[in-house]
Amino acid sequence: MPLIRIKKSWEIPERLVTPEATYLNRRRFMKGLISAGLTGAVLPLAGCNKSDRSLADSGSSSLKSYPNLTRNPAFSQVQRAITEEDLATKYNNFYEFGGTKSIWQAAQALPTENWKVEVTGLVKNPRVYDIDDLQKKFPLEERVYRFRCVEAWSMVVPWVGFPMKLLMADVEPTNNAKFVRFISFYDPEITKGPGFWAGGYPWPYTEALRLDEMANELAFFATGMYGKELPKQNGAPLREVIPWKYGFKGAKSIVKIEFVAEQPATFWNTLAANEYGFEANVNPNVPHPRWSQATEKVVGSGASWSWERIPTLAYNGYGEYVAGLYQ
Ligand SMILES: Nc1nc2c(c(=O)[nH]1)N[C@H]1C(S)=C(S)[C@@H](COP(=O)(O)O)O[C@H]1N2
Ligand SMILES: [Mo]
């Protein structure tokens with residue numbers, strides 16, 4: 001695979017590194033940093049740049065609100081403040097649109113009109129859902145979940161959506177189905193993130209779960225956040241939210257869901273299996289090969305290097321729901 005790895009973590013100051021960006025072509029990455037200037041690379045991350053904020057308003061004002069939304073009382077708070085909407089919608093990972101956190105504008109190129117989600121593979125009732133029908137068929141609720149990226153930052157997000165088990169019940173996986181794959185939108189004319197020119201990334205972005213993980217109460221399909229439709233940069237119009245796993249397990253902008261018998265290949269696991277395991281449960285005791293997972297930076301206002309650090313919880317705090325899956 002024609003990947004050029006940055007082997008030594010000291011080559012780039014820690015605050016500028018997107019750990020998952022280690023796989024960027026190094027020359028392109030360095031060139032990007034130089035042309036953006038160091039300040040330019042840092043300020044948009046913090047979301048405290050004035051012009052950035054005014055652009056933000058134009059980005060989300062057209063999003064529809066969900067009327068009559070009820071917050072599920074079982075998932076109504078997590079003993080931490082909800083992350084500011086402006087940050088959660090401006091500090092993103094969406095490699096299809098670039099290898100930095102500042103892709104929200106580039107992601108506006110995602111064509112979300114007439115979106116269909118195909119559900120196929122080992123199911124009794126294969127279906128093609130129209131996104132509007134999907135949102136009428138499954139009752140939408142709001143859930144406040146912790147959200148922990150493998151890069152050791154975290155947020156708290158009020159998602160809108162429905163439990164994955166409702167969709168499972170509708171399509172009825174057969175007895176042979178043991179895993180489910182989620183395939184993100186991919187069109188090389190539109191998604192031009194890192195690797196687009198150099199190659200070497202296993203597009204489309206895919207993720208997968210065991211079927212018993214998908215059936216867990218917590219496994220969620222989000223169609224919205226902060227009471228509105230998902231912004232494109234956050235994975236409109238449908239994404240996975242698996243709060244006890246690292247964020248990369250949650251594929252965005254899903255076009256296809258496939259039920260399969262064998263554990264499927266997934267995007268980050270294919271790139272670096274030793275760094276991004278298939279299971280990827282949040283675990284403070286298992287360090288990433290290049291950094292500790294014992295603590296996490298709370299994405300908040302101000303400069304990214306001054307974000308508060310708090311201890312990371314086993315299963316991201318959801319052990320009572322999911323620990324039994326891993327006995
Ligand atoms: N299709 C796709 N899905 C993706 C990613 C991506 O690059 N492409 N990044 C993942 C990672 S690493 C994280 S942390 C979350 C980020 O979600 P957010 O931008 O809404 O915070 O999306 C995940 N889903
Ligand atoms: Mo991530």
Side-chain angles (χ1 to χ4, degrees), residues 64-76 78 112 114-147 157-185 206-230 234-245 247 249-261 264 281 315-316 318 320-325:
K64 270 187 263 146
S65 300
Y66 288 99
N68 316 320
L69 200 59
T70 341
R71 187 171 283 188
N72 184 328
F75 308 108
S76 61
V78 294
T112 51
N114 303 315
W115 194 275
K116 306 272 190 281
V117 183
E118 181 187 1
V119 186
T120 174
L122 303 173
V123 290
K124 292 189 191 129
N125 319 311
R127 301 215 191 278
V128 178
Y129 297 105
D130 176 89
I131 192 68
D132 296 330
D133 299 341
L134 188 88
Q135 295 186 76
K136 283 176 204 140
K137 186 171 183 80
F138 304 112
L140 301 180
E141 56 177 85
E142 185 171 57
R143 293 188 179 194
V144 177
Y145 277 163
R146 292 188 193 83
F147 175 38
V157 176
W159 301 104
V160 180
F162 58 94
M164 286 190 175
K165 63 182 181 185
L166 297 184
L167 183 138
M168 281 178 89
D170 193 42
V171 298
E172 296 185 79
T174 66
N175 289 336
N176 299 332
K178 300 285 181 258
F179 292 88
V180 59
R181 304 170 71 204
F182 305 92
I183 298 145
S184 292
F185 175 86
T206 61
E207 256 310 330
L209 296 171
R210 290 177 358 202
L211 235 54
D212 59 343
E213 294 176 323
M214 186 189 197
N216 187 271
E217 171 63 27
L218 294 178
F220 202 62
F221 281 119
T223 58
M225 63 198 293
Y226 296 90
K228 289 175 281 206
E229 297 174 300
L230 282 175
N234 293 93
L238 185 75
R239 72 177 284 172
E240 302 175 69
V241 178
I242 311 296
W244 73 95
K245 294 181 181 285
K249 291 299 290 182
K252 294 178 165 183
S253 305
I254 296 169
V255 293
K256 189 169 170 181
I257 299 168
E258 186 179 17
F259 289 82
V260 296
N281 292 329
Y315 300 109
N316 204 21
Y318 296 103
E320 77 177 275
Y321 293 93
V322 298
L325 292 170

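Starting from 1, each residue takes its place in the sequence as its number. Here the structure is a predicted model, which is why all the values come from computation and not from measurement. Quick note: numbers below take in every heavy atom, side chains included, and nothing from hydrogens, waters or symmetry partners.
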Return the CD to CH2 distance between Glu320 and Trp244, rounded to the nearest 0.5 Å. 13.0 Å
Looking at Leu69 and Gly227, what are the two nearest heavy atoms and their distance? CD2-CA, 4.0 Å
Do Glu172 and Val123 touch side chain to side chain, with heavy atoms closer than 4.5 Å? no
In terms of relative ring orientation, are Phe162 and Phe138 parallel, tilted or perpendicular, with 30° and 60° separating the classes? parallel
Would you sort out whether Glu118 and Val128 count as a side chain to side chain contact (heavy atoms under 4.5 Å, CB included), showing the intermediate values? CA-CA 4 Å; Glu118 181 187 1; Val128 178; 4.2 Å; yes
Residues which pass salt bridge (Lys or Arg N to Asp or Glu O under 4.0 Å) with Lys178, listed by chain and number, not counting sequence neighbours: none
As a quick check of understanding, evaluate side chain to side chain contact (heavy atoms under 4.5 Å, CB included) for Glu240 and Leu209, giving each step before the final call. CA-CA 10 Å; Glu240 302 175 69; Leu209 296 171; 4.0 Å; yes
Ring centroids only, cut at 6.0 angstrom: are Phe220 and Phe75 within range, meaning strictly under it? no
Is the CG atom of Asn114 crowded by more than 12 outside heavy atoms at less than 6.0 Å? no
Less than 4.5 Å apart, side chain to side chain, heavy atoms only: is that true for Pro173 and Leu211? yes
Check whether any side-chain N or O of Ser253 sits under 3.5 Å from a backbone N or O of Ala236 as a donor-acceptor pair, and report yes or no. yes
Determine yes or no for a side-chain-to-main-chain donor-acceptor pair under 3.5 angstrom, with Glu229 supplying the side chain and Lys64 the backbone. yes
How many angstroms lie between atom NZ of Lys252 and atom CZ of Arg239, to the nearest 0.5 angstrom? 5.0 Å
Phe259 vs Asn176, side chain to side chain contact (heavy atoms under 4.5 Å, CB included): CA-CA, chis, key distance, verdict: CA-CA 9 Å; Phe259 289 82; Asn176 299 332; over 6 Å; no
How long is the span from the NZ atom in Lys256 to the OG1 atom in Thr206, to the nearest 0.5 Å? 11.5 Å
State, without any angle test, whether Gln135 and Tyr66 hold a side-chain donor-acceptor pair at a distance under 3.5 Å. yes
Below 4.5 Å, heavy atoms only, C-beta onward: do Thr223 and Leu230 meet side chain to side chain? no
Nearest heavy atoms of Ala222 and Trp159, plus distance in Å: CB-CE3, 3.8 Å
Report yes if some heavy atom in the side chain of Leu167 is under 4.5 Å from a heavy atom in the side chain of Arg127; otherwise report no. no
Residue pairs, two or more places apart or on separate chains, that pass side-chain hydrogen bond (donor to acceptor under 3.5 Å, both in side chains) and touch residues 208-219: Arg143-Glu217, Lys165-Glu217, Arg210-Asp212, Glu213-Lys245, Glu213-Tyr326
Heavy-atom side-chain contact between Ile257 and Phe221 under 4.5 Å: yes
With a 4.5 Å limit on heavy-atom distance, are the side chains of Pro163 and Glu141 in contact? yes
Using 30° and 60° as the class limits, which term best fits the ring planes of Tyr145 and Tyr318: parallel, tilted or perpendicular? perpendicular
When rounded to the nearest 0.5 Å, the distance separating CG of Leu122 from CG of Asn175 is 10.5 Å
Taking atom CG of Leu140 and atom CG of Leu134, what is their separation to the nearest 0.5 Å? 8.5 Å
Non-hydrogen atoms of Pro67 and Ser65 that approach each other most closely: CD-O, 3.5 Å
Just verifying a value: how many Å separate Ile131 CD1 and Asp133 CG, rounded to the nearest 0.5 Å? 9.5 Å
What verdict does the side chain to side chain contact (heavy atoms under 4.5 Å, CB included) test give for Trp115 and Asp132, after you've listed the backbone C-alpha separation in whole Å, the side-chain angles of each residue and the deciding distance to 0.1 Å? CA-CA 8 Å; Trp115 194 275; Asp132 296 330; over 6 Å; no
